[in-house]
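From a predicted model like this one, the values you see are computed outputs, not experimental measurements. Residue numbers run from 1 in the order of the sequence given.
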Amino acid sequence: MATSPELGRYRIQAVAQMTGVPAATLRAWERRYGVPTPARTASAYRLYSDRDVELVTRMRDLLAEGIAAAQAAATVLALPLPAPAAGSADAWEQAGAAIVEATRRFDVAALEGAVRQALTLGSAATIYERVLGPTLREVGDLWHAGLLSVAQEHLATQVLESTVRSMLRLVQPPTPARAVVLGCMAEETHTLGLYGAAFHFTGWGYRTVILGARTPPEAVADAVAGIEPAAVGLSMVMPLPRAAARRLLAAYGEACGSIPLLLGGRAAPSLASLVEELGGLCVGEDLVGARSSVEALLATRQRRKG
């Protein structure tokens, strides 16, 4: 039976011989840049998959072209890798299921290993959208249903969100680049959508600055003054009474000044007219579908600024 390309099967010395990259350098790339993140045996030996070898080869070639290591790593991690073969079991679903099962068993080593394995399945944005984002959502749902303890939910959330933040740092475009500030509206605690939006914006060439949950208007004003972003994106999952939402959006509009305001999240469409009154745009839960409208808005603002 052939070995799946997603499975680790090469020891580090074999990869060093295959790619011409010394083992010490491979360890340094993994530690500093997350390129690649091989699976580990029970004895903690690294096992590299075919995809890991491809990442190493691409990294080696970019460095040979004179590209700085950090930029080469970001480029490599942003490149899409082959999807699972047609007709095969969905590797993304399998990866998510392995993370959930390790969480159920409270097996920290297995959880971290399952996350490392998921990182071999594609570009950073694809891994987030197909594995880490849905798994974070599932873990939350299982906790709400009483099928995971609060400790299990916290463990999985901490590991997954830490992984997502590390991935996001690695794929940020080099400076100088236009920035987008992202945060949750005041009292909003659901940050999942912020990371999904951040991966899309980085893929479009923007640096992203995430302010996190419960971002008040005054924090947005400080970020606008200090960063001068191309846009401010706010997430709203839980609905607010319209009067309260109007007052809050007016405060955010004042904080943004001339910077375009984008409102996303499940509850955003109910406030589309209020956002448009402020000269902003409601993107709801489909930022990708709204990309042309977003770019048109930002281009209009850039022309006015110029």
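Remark: side-chain polar atoms of R60 are paired, donor with acceptor, to backbone N or O of T19 under 3.5 angstrom. Judged by distance alone, with hydrogens and angles left aside, the side-chain atoms of S49 form a donor-acceptor pair with the main-chain N or O of D52 at under 3.5 Å. Side-chain atoms of E129 never come within 3.5 Å of backbone atoms of G196 as a donor-acceptor pair (strictly under, hydrogens ignored). In this structure, E188 contributes its side chain and H190 its backbone to a donor-acceptor pair below 3.5 Å.
By the 4.0 Å N-to-carboxylate-O rule, E277 lies close enough to R246 to be salt-bridged with it. Between R130 and E93 there is no salt bridge, since no side-chain nitrogen of the basic residue lies less than 4.0 Å from a carboxylate oxygen of the acidic one.
One finds the CG atom of L168 at 12.0 Å from the CD atom of E161 (value rounded to the nearest 0.5 Å). Going from atom CG of L55 over to atom CG of L26 covers 11.5 Å, rounded to the nearest 0.5 Å. In this structure, the separation between CG on L62 and OG1 on T57 is 11.0 Å, given to the nearest 0.5 Å. With values rounded to the nearest 0.5 angstrom, E112 atom CD is found 9.0 Å from S162 atom OG. One finds the CD atom of E138 at 8.5 Å from the CG atom of L148 (value rounded to the nearest 0.5 Å). The distance from the CG atom of L142 to the OG1 atom of T103 is 9.0 Å, given to the nearest 0.5 Å.
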Handout entry: Full working for side chain to side chain contact (heavy atoms under 4.5 Å, CB included) between V283 and L263
Key = CA-CA 6 Å; V283 301; L263 185 63; over 6 Å; no

Exercise for the section: Go through T208 and Q172 one step at a time and tell me if the side chain to side chain donor-acceptor pair (under 3.5 Å) criterion holds. Expected result: CA-CA 7 Å; T208 53; Q172 293 280 5; 2.9 Å; yes

Exercise for the section: Give the intermediate values and the outcome of side chain to side chain contact (heavy atoms under 4.5 Å, CB included) for residues V21 and W29. Expected result: CA-CA 10 Å; V21 178; W29 287 356; 3.8 Å; yes

Exercise for the section: Decide side chain to side chain contact (heavy atoms under 4.5 Å, CB included) for Y195 and L160; before the verdict, give the C-alpha distance in whole Å, the side-chain angles of both, and the deciding distance to 0.1 Å. Expected result: CA-CA 12 Å; Y195 293 108; L160 292 172; over 6 Å; no

Practice task
Could you walk me through whether V237 and S235 pass the side chain to side chain contact (heavy atoms under 4.5 Å, CB included) test, one step at a time?
Solution key: CA-CA 7 Å; V237 175; S235 177; 4.2 Å; yes

Practice task
Evaluate side chain to side chain donor-acceptor pair (under 3.5 Å) for R169 paired with S166, printing each intermediate quantity in order.
Solution key: CA-CA 5 Å; R169 283 194 297 271; S166 296; 3.1 Å; yes

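Atom CE of M18 is surrounded by more than 12 heavy atoms from other residues, nucleotides or ligands within 6.0 Å. Atom CD of E295 has more than 12 heavy atoms from other residues, nucleotides or ligands within 6.0 Å. For CZ of R105, the number of neighbouring non-hydrogen atoms (other residues, nucleotides, ligands) closer than 6.0 Å is greater than 12.
At least one side-chain heavy atom of T189 sits less than 4.5 Å from a side-chain heavy atom of R214. Between E187 and M238, the closest side-chain pair of non-hydrogen atoms is not below 4.5 Å. The side-chain heavy atoms of H200 and R291, taken from C-beta on, include no pair separated by under 4.5 Å. The closest side-chain heavy-atom distance from L262 to V232 is not below 4.5 Å. Between Y252 and L248, some side-chain heavy-atom pair lies under the 4.5 Å cut-off. Considering only heavy atoms from C-beta on, E228 stays 4.5 Å or farther from V224 through its side chain. Contact annotation: the side chain of L281 never approaches that of P260 to less than 4.5 Å [non-hydrogen atoms, C-beta and beyond]. The side-chain heavy atoms of L211 and V181, taken from C-beta on, include a pair separated by under 4.5 Å.
If you look at Y10 and Y48, their ring centroids are not closer than 6.0 Å.
Closest approach of V15 and V53 over heavy atoms only: CG2-CG2, 4.1 Å. A179 approaches I227 most closely through the heavy-atom pair CB-CG2, 3.9 Å. Nearest heavy atoms, M185 versus L234: CG-CB, 4.0 Å. For the residue pair A156 and L111, the shortest heavy atom distance occurs at CA-CD2, 4.2 Å.
Cluster annotation: L271 and L287 are assigned to distinct hydrophobic clusters (Ile/Leu/Val/Met/Phe/Trp/Tyr, side-chain heavy-atom contacts under 4.5 Å, transitive). Hydrophobic cluster membership is shared by V35 and V171, with clusters built from Ile, Leu, Val, Met, Phe, Trp and Tyr side chains linked at under 4.5 angstrom. When hydrophobic clusters are built by joining Ile, Leu, Val, Met, Phe, Trp and Tyr residues whose side-chain heavy atoms come closer than 4.5 Å, directly or via intermediates, M59 is grouped together with M167. Note on L192: it does not cluster hydrophobically with V288, by side-chain heavy-atom contacts below 4.5 Å among ILVMFWY residues.
Side-chain contact of H154 with Q152: a donor-acceptor pair under 3.5 Å is absent, judged by distance alone. Side chains of Q71 and T75: no donor on one and acceptor on the other come within 3.5 Å.
Relative ring orientation between F199 and Y128 is described as tilted, the plane-to-plane angle lying within the 30° to 60° band.
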